[in-house]
J.: 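Before anything else, here's the structure in question.
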Amino acid sequence: MTEHYDILIVGGGLVGASLACALAGAGLQPPLRIGMIEAAPFGSRSQASFDDRAIALAAGSRRIFEGMGLWADIAPAATPIEHIHVSDRGRFGFTRLDRREEGVPALGYVALSRELGQVLAARVRQLDSLELITPAEVTAIDNTDTAARVRLRHEGAAVEVTADLVVAADGARSRVRETLGIVATEWDYRQTAIITNIRTARPHQQVAYERFTDQGPIALLPMSEGRCSVVWTLPSAQVDEIMALDDAGFLARLQARFGYRVGHFERVGRRDAYPLRLVRAQESIRPRLALIGNAAHTLHPIAGQGFNLGLRDVAALAEVICDARRAGRDIGAAAVLQRYADWRRADHRRVIAFTDGLTRLFTQPLAPVALLRDAGMLAMDLCPPAKRLFGRLTMGRSGRLPRLARGVEL
């Protein structure tokens, strides 16, 4: 007999696991039967999103995790960001944000992907209404019937399952998206982000730095134990040279590009490099299918918006599903999924335009453009209303917010 699920989540990374936790904690009766497909053993370091990269969690994302009952477990490993300092290397432009001016406990938080993943994995394993299907991968999807039929390769065997709704949370190279022929537009920034952490001579004092250079931005994010997470964006042609440097050489090059706002860079951890692309699916829904997270949109890491945008996808889709189920509607119906697509469109466009625009603006070498952008940064720093708008966007508090993002239960 073919197994049937109310919802089949393809991808058990941070976004997929967050959706499972949100739905399972919504108090629906009877609870939704959820299946989660993951290619790697669940919760292991071999899962791409459960590695040692640092994630900047917006203040709005904290509220979502609070609504899911997870923040108390995440908080001990999350370092608060109390101040943000944005500057243009070698020029006069800068802007500052302060948690007190915004009236929030913190502008955001920094947590390791691995530690966040451990919290989510622990909760997922406690969910009686969820079945983990791992290691497995999707080989085909037929979503034209009254239920989606999904064929899998699971533990070496061919398996078929059905679901009222399939949710693709399987990343930028989404197998579900490709299987169904959903076109994604891509832009190669020809940049690569080197990710590491460093120890500095001066304490970071809960300050996050975003320093724009002519080659790409450098972000320093406050972490526990006096460390800073580094996201150093470089032209891809230079990455092999930088990665080949010994620790002393690497720190010297990074110091020369960033400066001495936190003193000398003293130690560096493991380095990893990730090519940067903008990926955006042209459709976020199909019959009995919804795309969330990187499967729908993959962003430049500038301003740390990618995971936070995906988490708002989770909060919105969970609300749409719960509302439909309580109203006795088919959760995979076109009208139900269209509500999700319409709701998320503006936020996707706004954040993509913001991150892509910043990337292009601050790599523009023309002197008149540089003068205008620096004048604009200073004007924002001196104009509280403009700064509040900027703060609301970076904290994930702009536009129409889902219930979870407003501190309201599903």
Side-chain angles (χ1 to χ4, degrees), residues 5-36 57-75 116 119-131 163-169 284-285 288-293 295-296 307-348 395-410:
Y5 302 92
D6 296 308
I7 297 176
L8 191 65
I9 301 172
V10 183
L14 300 180
V15 170
S18 295
L19 178 63
C21 293
L23 291 170
L28 294 174
Q29 294 298 330
L32 293 165
R33 185 168 189 232
I34 304 169
M36 180 184 290
L57 296 173
S61 294
R62 168 185 171 159
R63 184 165 283 182
I64 292 172
F65 280 128
E66 284 176 334
M68 292 162 56
L70 288 169
W71 183 250
D73 296 322
I74 295 169
L116 180 57
V119 171
L120 289 165
R123 176 62 61 87
V124 162
R125 292 191 179 99
Q126 296 172 1
L127 302 177
D128 294 335
S129 59
L130 182 140
E131 180 181 344
D164 294 331
L165 174 63
V166 176
V167 179
S284 60
I285 60 168
R288 304 206 169 275
L289 173 75
L291 273 61
I292 61 174
F307 175 69
N308 298 293
L309 186 63
L311 196 59
R312 294 197 295 277
D313 290 346
V314 166
L317 182 59
E319 183 170 327
V320 167
I321 289 170
C322 289
D323 287 351
R325 174 52 65 96
R326 290 183 178 119
R329 303 179 67 188
D330 179 354
I331 61 174
V336 171
L337 298 180
Q338 192 63 51
R339 181 187 168 207
Y340 163 73
D342 292 343
W343 188 352
R344 298 302 299 141
R345 188 175 297 113
D347 195 18
H348 290 174
M395 290 190 292
R397 301 173 70 185
S398 61
R400 181 188 167 206
L401 298 177
R403 286 198 289 267
L404 286 174
R406 291 183 279 116
V408 180
E409 293 182 359
L410 284 174

J.: Would you indicate whether the side-chain heavy atoms of Trp71 and Val119 approach each other to under 4.5 Å?
T.: no
J.: Write out all pairs satisfying salt bridge (Lys or Arg N to Asp or Glu O under 4.0 Å) with one or both partners inside residues 7-34, taking only residues at least two apart or from two chains.
T.: Glu3-Arg33, Arg33-Glu131
J.: Looking at CZ of Arg62 and CD1 of Ile74, how far apart are the two atoms once the value is rounded to the nearest 0.5 Å?
T.: 10.5 Å
J.: Would you say the side chain of Phe65 lies within less than 4.5 Å of the side chain of Leu311, judging by non-hydrogen atoms?
T.: yes
J.: Looking at Asn308 and Ser61, what are the two nearest heavy atoms and their distance?
T.: OD1-OG, 2.6 Å
J.: Grab the two heavy atoms, one from Leu116 and one from Leu57, that are nearest each other, plus how far apart they are.
T.: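 Where Leu116 meets Leu57 most closely, the heavy atoms are CD2-CD2, 4.3 Å.
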J.: If I compare all heavy atoms of Arg63 with all of Gly407, which pair ends up nearest, and what's the gap?
T.: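 Between these two residues, the closest heavy atoms are CD-N, 3.3 Å.
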J.: Keeping Tyr340 on the side-chain end and Leu291 on the backbone end, is there a donor-acceptor pair under 3.5 Å?
T.: yes
J.: Are side-chain heavy atoms of Leu32 and Tyr5 found at a separation under 4.5 Å?
T.: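 Heavy-atom side-chain distance check fails, nothing below 4.5 Å.
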J.: For Arg400, enumerate each residue passing the side chain to side chain contact (heavy atoms under 4.5 Å, CB included) test, keeping only those at least two apart in sequence or located in another chain.
T.: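 For Arg400 the side chain to side chain contact (heavy atoms under 4.5 Å, CB included) partners, ignoring immediate neighbours, are Arg339, Trp343.
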J.: Report yes or no: does Arg123 contribute a side-chain atom to a donor-acceptor pair with the main-chain N or O of Gly69 at less than 3.5 Å?
T.: yes
J.: Within the side chain of Arg403, is there an N or O that forms a donor-acceptor pair under 3.5 Å with the backbone of Leu410?
T.: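 Yes: the side chain of Arg403 pairs with the backbone of Leu410.
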J.: Please list, chain by chain and in numerical order, all residues satisfying side chain to side chain contact (heavy atoms under 4.5 Å, CB included) with Ala405, sequence neighbours excluded.
T.: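 Per chain and number, Ala405 pairs via side chain to side chain contact (heavy atoms under 4.5 Å, CB included) with Ile64, Leu401, Pro402.
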J.: Would you say the side chain of His348 lies within less than 4.5 Å of the side chain of Asp313, judging by non-hydrogen atoms?
T.: yes
J.: Hey, what do you get for CZ (Arg326) to CD (Gln29), rounding to the nearest 0.5 Å?
T.: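 Between atom CZ of Arg326 and atom CD of Gln29 there are 10.0 Å.
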J.: State plainly whether the residues Arg329 and Asp323 are in salt-bridge range, i.e. N to O under 4.0 Å.
T.: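 Between Asp323 and Arg329 there is no salt bridge, as every charged N stays at least 4.0 Å from the carboxylate O atoms.
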J.: Do Val336 and Val320 come close enough that some side-chain heavy atom pair is under 4.5 Å?
T.: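 Counting from C-beta outward, Val336 and Val320 do come under 4.5 Å.
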J.: Against Arg312, only a single residue in Asp347, Leu404, Leu317 fulfils side-chain contact (heavy atoms from CB on, under 4.5 Å); can you say which?
T.: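 Passing option: Asp347.
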J.: Would you list the atom pairs, donor with acceptor, under 3.5 Å between side chains in residues 7-28 and any protein atom, with sequence neighbours excluded?
T.:
from: Ser18; atom 1: OG; to: Leu14; atom 2: O; distance (Å): 2.6

J.: Using side chain to side chain contact (heavy atoms under 4.5 Å, CB included) as the criterion, list what pairs up with Arg288, not counting sequence neighbours.
T.: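 For Arg288, the residues satisfying side chain to side chain contact (heavy atoms under 4.5 Å, CB included) (neighbours in sequence not counted) are Ala148, Asp164, Asp330.
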J.: For Ala341, enumerate each residue passing the side chain to side chain contact (heavy atoms under 4.5 Å, CB included) test, keeping only those at least two apart in sequence or located in another chain.
T.: Ser284, Ile285, Gln338, Arg345
